[in-house]
Amino acid sequence: MTDGTEWTPIRAERGSGLRCKGWRQEALLRMLENVLENGENQKELIVYASLGKAARNWPAYRAIVRTLLELEEDETLVIQSGKPIGVFRTHARAPLVVMANCNLVGRWATSEHFYDLQEKGLIIWGGLTAAAWQYIGSQGVIQGTYEIFRSIARLRFGGDLRGRFVLTAGLGGMGGAQPLAGTLAEAAILCVEVPEDRIDKRIRAGYLQRKTDSLEEALDWIAEAIRARVPLSVGLLGNAAEIYPELAGRGVVPDIVTDQTSAHDLLYGYVPSGYTPARAAEVRASDPERLQADAGASVAREVEAMLAFKEAGAVVFDNGNNIRTQALKHGVAGAFEIDIFTEAFLRPLFARAIGPFRWIALSGDPADIRVIDDYILREFADNEIAVNWIRLAGAHVPVEGLPARIGWFGHGDRTRLALAVNRLVREGRLAGPVAFSRDHLDAGAMAHPNIMTERMKDGSDAVADWPLLNAMLNCSSMADLVAIHSGGGGYAGYMTSAGVTIVADGTIASDERLRTALDNDTGIGVLRYADAGYEASVDEAERKGIRRIKADGKADDNGRNELARTHEA
Ligand code: NAD
């Protein structure tokens, strides 16, 4: 772990002053600072997901900052697992930063080997957006969670979650978005969390309404909200491995059940029943096997309860934390009867490369986000997902760190929005440049057979070529930062993903970067799903002129096989 004594508090720079040699470099530096400003444990450089770090250690962080301050616009900084390695002369259209974080060779991609390398200071897990400097606080996943709830409402509850009870756990860096997503979907949501400071942090941030340490009081509040059909979020101080079985034992059946604790990591993440986080830290040091065994047994009890809720009629889903995988390893044979959220609720969106796009106002001025919100409401009026979300987010999602917005847009729309914003920057109608990025959990950017790519139509769940191609294509497409990540901790061996950031600094050059990188980033996403046999993706490619090559001997969709045949002849 990092020596906390090297820490000095980090807050992202605001305003129009440049510290670097250009806005592209300055943007990336502010984004790095911003992930730490929003992170869960800045002293340890931990941003979210229990171990997801922004940089290897404090000397590495400082060296990255120094290098960004000096970096010329025709140079590329190379980063390996959160540590800067070197600067290379490239050219002004090349990425300023490329990075590879936590990629282990197949047979060695195990959590044991990862922990060993981490201990030796040779590797970090970068989460998805932590080490790629793209984390924007809990709001990074809030629309995703909200769209899951909306989808469940449509599929199961006549389009309406008023009067419905959602049970979940975990109020950390990402899970902290759940209470606000729940109330935006108008449900009554109960969130179980072990340490009180996490509950307090979400209340302070405006994501959570009430807290209690009494299960009875929590259930009374929820029952009252259900009767009145009003939205409510309650943080309950407790352990999910105790509360879920207790509720199942009492015959309480929520309408929707999930969990977003750090169940993927039994050593650093999930707190076993009967433990405090401090006790978990002690046992981690003295007897790590015992801690993992206790955490595994607790996860198993929690998942047994989730299965009981499902049996009793609740909609139960895995919210992307590998809880089913851990439960299966610890003896719950039926764990995979629980659906994964991507396949169950969001795949039709991903198949059209509609996913978690985001933009960050580098000036620090929240008015910039409002100007962009207004633009979207005016110019994307026929995009129901965008308009509905921007209205809600504008009214209810608080600012965290540098003002930012998540917005699920697809192919073509991302580019259209980014070019319009670049124009606004150029015309001086925003206080400063804007960075565009996205979650790695996006159409072409992630292989994770237990989360993103579970049960793909063609069985290509574990093929990691796609995120690697995505990253290489983004480098060729003039993106400003490109990252390749694989899983660490409990995710070691489970995933590979790619991240991308492009800066709208108002220049004509950035028009070209934004157009090329954003079109190609979503373009390969559409083709990934088309290749897997999703009809909607084939249609999307055709409708939007994404050049798809079919290699099955039949005529291809864009008529280019004719050209290929001419060349062959
Ligand atoms: P985090 O480590 O910041 O927070 C996890 C929280 O769970 C902590 O506050 C911890 O105290 C709490 N917790 C641990 N054990 C508990 C227990 N037994 N009962 C109740 N609370 C408990 O992690 P995070 O960033 O919030 O991410 C949570 C999980 O979600 C991770 O596994 C992460 O990989 C996953 N994730 C999913 C998505 C997605 O798109 N669905 C996105 C990001 C993260």
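Quick note: numbers below take in every heavy atom, side chains included, and nothing from hydrogens, waters or symmetry partners. Here the structure is a predicted model, which is why all the values come from computation and not from measurement. Along the sequence shown, the residues carry numbers beginning at 1.
Here the CZ atom belonging to Phe336 is positioned 4.0 Å from the CG atom belonging to Asn450, to the nearest 0.5 angstrom. Atom OG of Ser497 and atom NE2 of His485 lie 6.0 Å apart (nearest 0.5 Å). To the nearest 0.5 angstrom, Leu161 atom CG is 7.5 Å from Ile152 atom CD1. Leu36 contributes atom CG, which lies 11.0 Å from atom CD1 of Ile46 (distance to the nearest 0.5 angstrom). The line from CZ of Phe114 to OH of Tyr491 is 13.0 Å long, rounded to the nearest 0.5 Å. With values rounded to the nearest 0.5 angstrom, Met99 atom CE is found 11.5 Å from Ile484 atom CD1.
Using a distance-only test at 3.5 Å, with no hydrogens or angles considered, a donor-acceptor pair links the side chain of Gln42 to the main chain of Ile10. Judged by distance alone, with hydrogens and angles left aside, the side-chain atoms of Glu217 form no donor-acceptor pair with the main-chain N or O of Thr212 at under 3.5 Å. Glu343 places no side-chain N or O within 3.5 Å of a backbone atom of Ile340 that could act as its donor or acceptor partner. Using a distance-only test at 3.5 Å, with no hydrogens or angles considered, a donor-acceptor pair links the side chain of Thr67 to the main chain of Ala63. Under the 3.5 Å distance criterion, the side-chain polar atoms of Arg14 are matched with a main-chain donor or acceptor of Ala12. Listed for the Thr453 side chain is a donor-acceptor partner under 3.5 Å among the backbone atoms of His448. When atom types are taken as modelled, the side chain of Ser437 and the backbone of Val500 share a donor-acceptor pair closer than 3.5 angstrom. With hydrogens and angles ignored, the 3.5 Å screen pairs no side-chain donor or acceptor of Arg324 with any backbone N or O of Asp318. Of the possible polar contacts, one joining the Asn239 side chain to the Val271 backbone as a donor-acceptor pair under 3.5 Å is found. At least one donor-acceptor pair under 3.5 Å links the side chain of Glu400 to the backbone N or O of Ser138.
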Audit row: Asn319, Thr168, side-chain contact (heavy atoms from CB on, under 4.5 Å) steps and yes/no: CA-CA 10 Å; Asn319 202 359; Thr168 187; 5.6 Å; no

Working for side-chain contact (heavy atoms from CB on, under 4.5 Å), residues Val397 and Tyr207: CA-CA 8 Å; Val397 177; Tyr207 274 69; 3.8 Å; yes

side-chain contact (heavy atoms from CB on, under 4.5 Å) between Lys211 and Glu193, intermediate numbers included: CA-CA 10 Å; Lys211 73 165 180 177; Glu193 171 59 81; over 6 Å; no

Residues Met31, Ile360; criterion side-chain contact (heavy atoms from CB on, under 4.5 Å); working and verdict: CA-CA 8 Å; Met31 288 178 76; Ile360 297 126; 3.6 Å; yes

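Under the 3.5 Å distance criterion, with hydrogens and angles disregarded, a donor-acceptor pair is assigned to the side chains of Thr501 and Gln134. Gln80 and Arg56 are linked by a side-chain donor-acceptor pair at a separation below 3.5 angstrom, with hydrogens and angles left out of the test. Using a 3.5 Å distance cut-off with no hydrogens or angles, the side chains of Tyr275 and Asp294 do pair a donor with an acceptor. Side-chain contact check for Ser273 and Glu242: at least one donor-acceptor pair (N or O, by modelled atom type) lies under 3.5 Å.
Side chains of Leu219 and Arg250 form a contact here, defined as non-hydrogen atoms less than 4.5 Å apart. Annotation: side chain of Ile148 is not in contact with side chain of Thr258 (no heavy-atom distance under 4.5 Å). Side-chain atoms of Leu180 and Gln139, non-hydrogen and from C-beta on, never get closer than 4.5 Å to each other. Arg30 is listed as a side-chain neighbour of Glu26, based on a closest heavy-atom distance under 4.5 Å. Counting heavy atoms from C-beta outward, Phe309 and Leu247 have side chains that approach closer than 4.5 Å. Between Val303 and His330 the shortest side-chain heavy-atom distance does not fall below 4.5 Å. Trp359 places none of its side-chain heavy atoms less than 4.5 Å from the side chain of Ile406. Using a 4.5 Å heavy-atom cutoff, the side chains of Asp255 and Arg156 are not in contact.
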Only distances under 3.5 Å count here; give the side-chain donor-acceptor pairs of residues 120-127 to other protein atoms, sequence neighbours excluded, each with its distance to 0.1 Å.
residue: Lys120; atom: NZ; partner: Asp116; partner atom: OD2; Å: 3.0
residue: Trp125; atom: NE1; partner: Ser486; partner atom: O; Å: 3.4

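Between Tyr268 and Tyr115, the gap from one ring centroid to the other is short of 6.0 Å.
With salt bridges taken as basic N to acidic carboxylate O contacts below 4.0 Å, one links Arg229 and Asp160. A salt bridge does not link Arg284 to Glu119: none of the charged nitrogens lies less than 4.0 Å from a carboxylate oxygen. Using a 4.0 Å cut-off between a side-chain N of Lys or Arg and a carboxylate O of Asp or Glu, Glu33 and Arg11 do not qualify as a salt bridge. The pair Arg227-Glu224 does not meet the salt-bridge criterion, since no charged nitrogen lies less than 4.0 angstrom from a carboxylate oxygen.
In this structure, Ser363 and Asp368 approach most closely via the heavy-atom pair OG-OD2, 2.9 Å. The shortest non-hydrogen separation linking Leu291 to Pro272 is CD1-CG, 3.8 Å. Counting all heavy atoms, side chain and backbone alike, Ser233 lies closest to Pro179 at CB-CB, 3.6 Å. Taking every heavy atom of both residues into account, Asp213 and Leu236 meet most closely at C-CD1, 4.0 Å. Considering all non-hydrogen atoms of both residues, Ala445 and Pro467 come closest at O-CB, 3.4 Å. Nearest heavy-atom pair across Leu266 and Ala263 is CD2-O, 3.6 Å.
In this pair, Phe409 and Phe357 present their aromatic rings perpendicular. The plane angle is above 60°, beyond the 30 to 60° band. Relative ring orientation between Phe345 and Phe317 is described as perpendicular, the plane-to-plane angle rising above 60° on a 0-90° scale split at 30° and 60°. The aromatic rings of Trp408 and Phe350 sit tilted relative to each other, their planes meeting at an angle between 30° and 60°.
For Tyr48, the ring pair (Phe, Tyr, Trp, His ring centres under 6.0 Å) criterion is met by Tyr135, not counting sequence neighbours. Listed by chain and number, the residues in a ring pair (Phe, Tyr, Trp, His ring centres under 6.0 Å) with Phe149 amount to none (sequence neighbours excluded).
Considering Ile338, Val316, Leu167, Asn321 as possible partners of Asp259, the one that fulfils the side chain to side chain contact (heavy atoms under 4.5 Å, CB included) test is Asn321.
Residue-environment remark: CD (Glu282) exceeds the threshold of 12 foreign heavy atoms within 6.0 Å. By the neighbour-count criterion of 12 heavy atoms within 6.0 Å, atom NZ of Lys201 is densely surrounded, having more than that number from other residues, nucleotides or ligands.
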